[in-house]
Number of protein chains: 2
Amino acid sequence: MLIMTIDLTNLRQKFREREYKLTPQRQIILQVFLDNRDKHLSAEDVHNIVRQQSNDIGLATVYRTLELLSDLDVLQKMDFGDGRSRYEINETSTPHHHHHLICLSCGEVREFEDDLLEELENVIAKKSNFTIVDHQVKFYGYCQECRKQRED
Amino acid sequence: MLIMTIDLTNLRQKFREREYKLTPQRQIILQVFLDNRDKHLSAEDVHNIVRQQSNDIGLATVYRTLELLSDLDVLQKMDFGDGRSRYEINETSTPHHHHHLICLSCGEVREFEDDLLEELENVIAKKSNFTIVDHQVKFYGYCQECRKQRED
DNA sequence: CTTAGTGCAAAACCTTTGCAACTCT
DNA sequence: AGAGTTGCAAAGGTTTTGCACTAAG
């Protein structure tokens, strides 16, 4: 499997192809995701991080950039049921490589690397006449720590 | 596997246990889901259906009831990325039996019956030290009809 | 009766949009 | 220079909340 890491050079190329402009705002926002690879950031999270770095960017621009980067498959938009969209960087060129484990007690969202779903995808595509290009899987349960607390 | 269909008798019992009141509004809203087992209704959908039956219920009450029924596991709350929560009835006592196929072109959401994920769940639970109690799977792709249109 | 539930309108949120000013290429 | 981008404030859409009134148990 070809692993393709997204970086600035890479992005510059993607932007040139589509005649988008690589503004400082867009670079800064991408950098936030590069610096927070394991997090699932909301628009507001991104806005706050940028402000902490004394690089203020309008919230509307954050939203517009998140949408743009999602369209370019640089980011992946997701929903964990907390009333806002969250985004994370799409590390590789082939989609769907990790799932999310969501703790029903503390709300922690952990990632889990795995691709045992390829086979399932094929079965479903065949049976249902759907051409599947991606999937999102969320597992709900209880993390180790919450389990310990419950035992007390 | 024990199949448990949700009906009014059933709900009455659940409500008694928790000392909730079984109001006409709540009964009507449950009935909407019983009459639309294959749909994924939003709060507004439910509100409209109820109004069509000349049984007006305040939208706030619809929201409060949807939350209540979700807490009771009578409904399952889900998100298909269209900016509103959608709900469907939880047919059986054991969770997770169908997945959703979401067409990226027309937005259609279709259900797919399957439980090949049990095994995957066990693998992940073991590796990650998470006690998994449920999962949600969404497959993104293109339905047969949109595929045909693309070929034209 | 008593406590929970309802309806309404207002508020709270998150997200999108219109527009004038600005800036990459 | 010119098309795309930004920032701001306003608007949009969904969901939640305060409160007086009502009704289920």
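Order of the sequence lines fixes the chain letters, A, B, ..., with proteins taken first and strands second; residue numbering starts at 1 for each chain.
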- [ ] For A:S42, report the nucleic acid contact type (base, sugar-phosphate, nothing); a contact means any heavy atom under 4.0 Å.
- [x]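 No contact.
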- [ ] State, without any angle test, whether B:H40 and B:H100 hold a side-chain donor-acceptor pair at a distance under 3.5 Å.
- [x]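 Present: a donor and an acceptor within the cut-off.
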TODO: In whole angstrom, give the distance that lies between atom CD of A:Q27 and atom C1' of D:dT6.
DONE: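 Checked: the CD to C1' distance equals 15 Å.
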TODO: Measure the CG-CZ distance between B:L66 and B:R86 for me, rounded to the nearest 0.5 Å.
DONE: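 Going from CG on B:L66 over to CZ on B:R86, the span is 12.0 Å.
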- [ ] Verify the contact: side-chain N or O of A:R26 to OP1 or OP2 of D:dT5, cut-off strictly under 4.0 Å; return yes or no.
- [x]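 Checking D:dT5 against A:R26, a side-chain N or O does come within under 4.0 Å of OP1 or OP2.
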Open item on the list: Taking 4.0 Å as the cut-off, does a side-chain nitrogen or oxygen of A:Q25 come that near to OP1 or OP2 on D:dG7?
Closed with: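 Result: yes.
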Task: First of B:Y87 and A:E19 reached from the 5' end of DNA chain D, by closest nucleotide - done: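 Whichever sits nearer the 5' end wins; that is A:E19.
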Task: Whichever of A:F15 and B:E44 has its nearest DNA chain D nucleotide further upstream toward 5' - done: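 Per heavy-atom nearest nucleotide, the more 5' residue is A:F15.
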Task: Closest to side chain of B:K21, choosing from D:dT5, D:dA23, D:dT15 - done: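 The answer is D:dA23, which lies nearest to the side chain.
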- [ ] With the side chain of A:T23 defined as its heavy atoms from C-beta on, choose the nearest nucleotide among D:dT6, D:dT14, C:dG5.
- [x]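 The answer is D:dT6, which lies nearest to the side chain.
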- [ ] Would you name the heavy atoms of B:L69 and B:I29 that are closest together and state the gap between them?
- [x]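 Here B:L69 and B:I29 meet closest at CD1-CG2, 4.4 Å.
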Task: Taking every non-hydrogen atom, the tightest pair across B:K21 and B:R26 - done: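 Closest approach of B:K21 to B:R26: O-NH1, 2.7 Å.
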Open item on the list: What residues from residues 54-70 of chain B pass a heavy-atom cutoff of under 4.0 Å to DNA chain D?
Closed with: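 Residues of residues 54-70 of chain B that come under 4.0 Å of DNA chain D are, in numerical order, B:A60, B:Y63, B:R64.
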Task: Whether B:D45 side chain and B:S42 backbone form a donor-acceptor pair below 3.5 Å - done: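 Confirmed, B:D45 side chain pairs with B:S42 backbone.
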Open item on the list: Check the orientation of B:H135 and A:F139. Use parallel for under 30°, tilted for 30 to 60°, and perpendicular for over 60°.
Closed with: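 Geometry flag for A:F139 against B:H135: perpendicular rings.
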